[in-house]
Number of protein chains: 6
Amino acid sequence: MANKLVYITRKEHFNAAHKLYNPKWTKEENDAIFGKCANENWHGHNFDLFVTVKGNPNPDTGFIMDLKKLRDIINEYVVEALDHKNINLDVPFMSGKMASIENLAIAIWEQIEPHLANCKLHRVKLWETHNNYVEYFGEEN
Amino acid sequence: MANKLVYITRKEHFNAAHKLYNPKWTKEENDAIFGKCANENWHGHNFDLFVTVKGNPNPDTGFIMDLKKLRDIINEYVVEALDHKNINLDVPFMSGKMASIENLAIAIWEQIEPHLANCKLHRVKLWETHNNYVEYFGEEN
Amino acid sequence: MANKLVYITRKEHFNAAHKLYNPKWTKEENDAIFGKCANENWHGHNFDLFVTVKGNPNPDTGFIMDLKKLRDIINEYVVEALDHKNINLDVPFMSGKMASIENLAIAIWEQIEPHLANCKLHRVKLWETHNNYVEYFGEEN
Amino acid sequence: MANKLVYITRKEHFNAAHKLYNPKWTKEENDAIFGKCANENWHGHNFDLFVTVKGNPNPDTGFIMDLKKLRDIINEYVVEALDHKNINLDVPFMSGKMASIENLAIAIWEQIEPHLANCKLHRVKLWETHNNYVEYFGEEN
Amino acid sequence: MANKLVYITRKEHFNAAHKLYNPKWTKEENDAIFGKCANENWHGHNFDLFVTVKGNPNPDTGFIMDLKKLRDIINEYVVEALDHKNINLDVPFMSGKMASIENLAIAIWEQIEPHLANCKLHRVKLWETHNNYVEYFGEEN
Amino acid sequence: MANKLVYITRKEHFNAAHKLYNPKWTKEENDAIFGKCANENWHGHNFDLFVTVKGNPNPDTGFIMDLKKLRDIINEYVVEALDHKNINLDVPFMSGKMASIENLAIAIWEQIEPHLANCKLHRVKLWETHNNYVEYFGEEN
């Protein structure tokens, strides 16, 4: 028997510092590529994180997943590591990677995905400023 | 000849009370599963509802569908039934179902879909709080 | 020596059910005055609460008040009592009062004001829907 | 070797006037179809434009595309032409078309798409008011 | 006996076209002063209007004023005249005035103030874009 | 002859890193007072800045002040110094001060106020996160 497929999204947020700086390049090359984002003394953002999972509503609860459980997973594996931190210096799962939001969204997916049961991770969406955000759906090409 | 496929979304809202409570379970079981959402005297939300339809722009109007018509369908079949109501007690199309937003989104899809002509329902998106929303695309799995 | 006077605001939120219903009146009178808000089975809202205090920045901290302390006062004395509750039935400090947002804002002021030290309560601002909010500054006339 | 596919979105905005009016019809027919939107002296909006591209993060930058470059493309080919303009009268790429947001979103896609390299245009999303927006993904049917 | 003074705000909105153009000046002078806002073919905005009144809560209703009544006054005397209109050409109460938001806020105050009873108009706040708004409190200096 | 007094507000924004850390105290004392905000490797925010001036509309322009001029003053004297910077290390006008938003709002007032002519600075409002903001009106007590 077919079941309805529903998507549910939980929003969390964190504040963090970072800079865009490739250590293989000179300061001048970094400034040319990254502009103000390369400021050696860092800058920072309020990041809004939306995590979407999909699944079938449980007949007894009406839930595809308990949102309190999803909130706890996001906080334990992602927000704890990032909130009021320096993404380049303080975050083990970003170590050795460029601190772009593209790479951060992929890393957040990888932190959350192993902890989900009975429903599937669909999307990680990450706002960096009012004017830009990235999305990652676990796709490869 | 191929036609451009465009998606258009209309936002409406309603305020309602509900509780998450499974009558097959004891009060203690309900509290354990649903936490504060099981409060027997109800709680409530401002719900934001986004309804998306898709189709080809009509050459004479530039519209895939008259948004005033879409607004009227949403209001007549959904908002009238839900606004300033108790979802568990007052809403015929939620009778006998758990009052979760997952189930509510599916029921809203079923209210709207039969009334559309010339374009197809694509998505029902329903915000319950600033921190969570559900989406239903009419998919089964 | 004069000191700079700064205002700082903390936002919290809660979800609650209520109805507008005066027990001295008939159902018909209540419907005539309060319209949909008198629905006997309740309705509800996501309330956004902004609490503003004013004072002089402390030279050692730069703070007029530790916002974590303000957050804790708001949560202990206001949000605990209101979140996922029925304002008419479940909230001691609203007992015997009409459950309007005007009266709710005054009651919230009275819950918070006794717990502040070294800075003064300036304003309680309470959003009920996207389209309306009340403010109370502790003024009488 | 498979690569991660990431989507990134840039928001820009413009303010413009327009009216919905089909010159093949009488004023009465236009009023009947378009209502207030047919006002002969125009009306206007603050348009929010979200442009999404997709691609693989570059290992050296972490970027799928330099957002400053995307911002510049949007501004040069779209915002310059539309901001503080009359969509019906002043915008070459809307000439001879109904000034609906459906048609405007398609035209914006066509302005941006030829200027992208190394990543693909995924979506143009255009908000006209707080209550409605259109999306175009370059699809035909 | 002293009474609590409470402020309540209602939000409405309208979409309109306008231009900033002083007919006493040449086109070149207008362009120099008003820049893009002087575009002769108009531009437009989604205007968000917040109207605040103040008064004492009525013991029987908890209201300082019935918000439905305030909504109706704003719509009858302000939104009807401005929504989907050209502020320079279509709005009697802006006739002969520069169509700036400063002048528009003052004119809106003057439209609403005579129709209030039992509470006082406190503020008209008018957002023109995401980045600017004006406020008028009925003050003179 | 009396003139109408109108307030106009311009919004700008900047992204910056900071930490709350008093060098007179030990690391343990700083952690006890400032919690996560004392992280030695910094954190950061998207700051939204609203600057309000007041004055009388000029009969020829309808303006109390050209908003483009206000925008330029804010950008030249405030945003240039703060955007993509470290508030503790990079900003001359915050040198030697605790990097709290209270102190930052006062410093922003002092940067802008000397550059205004024909209208008066009324308020600096600075959002640090979705949940808190400060306001400074130039008041002393």
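What's counted below: heavy atoms across the whole structure, side chains too, no hydrogens, waters or symmetry copies.
- Proximity to chain B (any heavy atom under 4.5 Å) is restricted, for A:K68, to the side chain, taken from C-beta onward.
- Between the B:E102 side chain and the A:I64 main chain, a donor and an acceptor come within less than 3.5 Å of each other.
- B:N141 and A:N56 share a donor-acceptor pair across their side chains, judged by distance under 3.5 Å alone.
- Around CD of A:E139, the count of heavy atoms belonging to other residues, nucleotides or ligands within 6.0 Å exceeds 12.
- In this structure, no portion of B:Y21 lies under 4.5 Å from any heavy atom of chain A.
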Going through the checks in order, is the side-chain contact (heavy atoms from CB on, under 4.5 Å) test met by B:I101 and A:V6? CA-CA 10 Å; B:I101 49 169; A:V6 180; over 6 Å; no

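- For a residue to count as touching a neighbouring chain, one of its non-hydrogen atoms must lie under 4.5 Å from one of that chain's; by this rule B:I33 touches chain A with backbone and side chain alike.
- For chain A, the nearby part of B:W25 is the side chain; its heavy atoms alone come within less than 4.5 Å.
- With rounding to the nearest 0.5 Å, the separation of CD in B:E128 from OG1 in A:T9 is 12.5 Å.
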Under the criterion side-chain contact (heavy atoms from CB on, under 4.5 Å), I'd like the reasoning laid out for B:F34 against A:D66: C-alpha separation, chi angles, the key distance, then a yes or no. CA-CA 9 Å; B:F34 296 118; A:D66 183 349; over 6 Å; no

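- Of the atoms belonging to B:K24, it is side-chain heavy atoms, and not backbone ones, that fall under 4.5 Å from chain A.
- Using a 4.5 Å cut-off on side-chain heavy atoms (C-beta onward), B:E140 and A:N3 make no contact.
- Heavy atoms of other residues, nucleotides or ligands lying less than 6.0 angstrom from NZ of A:K120 number 12 at most.
- Ring-plane geometry between A:F50 and B:W127 is classed as perpendicular, the angle between the planes exceeding 60 degrees on a 0 to 90 degree scale with a lower cut at 30.
- Two residues are said to be in side-chain contact when any heavy atoms from C-beta on lie closer than 4.5 Å; B:L20 and A:F63 meet this criterion.
- The neighbour count for A:E29 CD, taken as heavy atoms of other residues, nucleotides or ligands under 6.0 Å away, is above 12.
- Contacts of B:L126 with chain A are absent, with no heavy-atom separation under 4.5 Å from either backbone or side chain.
- Of the listed residues (B:K125, B:M98, B:H130), the one with the most heavy-atom contacts under 4.5 Å to chain A is B:M98.
- Between A:Y7 and B:F137, the gap from one ring centroid to the other is short of 6.0 Å.
- If you take CG on B:N132 and NZ on A:K11, they are separated by 11.0 Å, rounding to the nearest 0.5 Å.
- Residues B:S100 and A:G62 approach most closely at OG-O, 2.7 Å, considering heavy atoms.
- At a 4.5 Å heavy-atom cutoff, the contact between A:L67 and chain B is made by side-chain atoms alone.
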Does the salt bridge (charged side-chain N to carboxylate O under 4.0 Å, His left out) test come out yes or no for B:E110 and A:K4, once each step is laid out? CA-CA 12 Å; B:E110 292 169 348; A:K4 314 287 187 190; 3.7 Å; yes

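- Interface remark: A:D48 contributes no atoms to any contact with chain B (heavy atom separation under 4.5 Å).
- The parts of A:D60 that come within reach of chain B are both its backbone and its side chain, each placing non-hydrogen atoms under 4.5 angstrom from that chain.
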